[in-house]
Amino acid sequence: MTSFTLDDLARIVAQRAAAPATESYTAKLLSEGPAKAAKKLGEEAVEAALAAVQGDRQNLTAEAADVLYHLLVVLQGANIPLSEVMAELERRTAQSGLAEKAARKS
């Protein structure tokens, strides 16, 4: 088990976002605007989904890491801290997933 957390990754993304785009992939993605980072997130999500369908555990693990990283980059670009996403998840877990989905349809 690792002690590395999403909070750790979010801190690294924030640090790298502040670096020059010539020195940081994170900064480069963000310098190209929100559409570029969002496109990368979408590509990685599709790759993760395909790996899941194929039952490719190793590739799914790698692609899931890419999805988490690119999601944090997108959030960084939108100035949304991970803590806000976690608070939303916490709020949603106060009820069943089915009840939460039904409440959103109203």
Student: If we only count heavy atoms from C-beta on, is the Glu63 to Asp66 side-chain gap below 4.5 Å?
Tutor: yes
Student: If you define the side chain from C-beta out and look only at heavy atoms, does anything of Lys39 sit under 4.5 Å from Glu43?
Tutor: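 SC-SC contact between Lys39 and Glu43 confirmed.
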Student: Identify the heavy atoms of Ala17 and Ala27 that sit nearest to each other, and give their distance.
Tutor: O-CB, 3.8 Å
Student: Are Leu41 and Val46 connected, step by step, through hydrophobic side chains (Ile, Leu, Val, Met, Phe, Trp, Tyr) whose heavy atoms are closer than 4.5 Å?
Tutor: no
Student: Taking side-chain hydrogen bond (donor to acceptor under 3.5 Å, both in side chains) as the cut-off, I'd like each qualifying pair that reaches into residues 9-22, sequence neighbours left out, listed once.
Tutor: Asp8-Arg11
Student: Hydrophobic clustering (ILVMFWY, side-chain heavy atoms < 4.5 Å, transitive) - are Leu6 and Leu89 grouped together?
Tutor: yes
Student: Quick one: do Leu50 and Leu68 end up in the same hydrophobic cluster if we chain Ile, Leu, Val, Met, Phe, Trp and Tyr together by side-chain heavy atoms under 4.5 Å apart?
Tutor: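 Shared cluster, no.
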Student: Consider only side-chain heavy atoms of I, L, V, M, F, W and Y, link residues closer than 4.5 Å, and tell whether Val73 and Met86 are in one cluster.
Tutor: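 Val73 clusters together with Met86.
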Student: Which heavy-atom pair separates Ala48 from Val67 by the least distance, and what is that distance?
Tutor: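 Distance-wise, the nearest heavy atoms are CB-CG2, 4.0 Å.
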Student: Do Leu82 and Leu29 belong to the same hydrophobic cluster, where Ile, Leu, Val, Met, Phe, Trp and Tyr are linked whenever their side-chain heavy atoms lie under 4.5 Å apart, directly or via other members?
Tutor: yes
Student: How long is the gap from CD1 on Ile12 to CD on Gln76, to the nearest 0.5 Å?
Tutor: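 Taking CD1 in Ile12 and CD in Gln76, the distance rounds to 12.5 Å.
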Student: So, for Val13 and Thr26, which heavy atoms are closest and what is the spacing to 0.1 Å?
Tutor: O-CG2, 3.7 Å
Student: Which heavy-atom pair separates Leu30 from Gly77 by the least distance, and what is that distance?
Tutor: CD2-CA, 3.6 Å
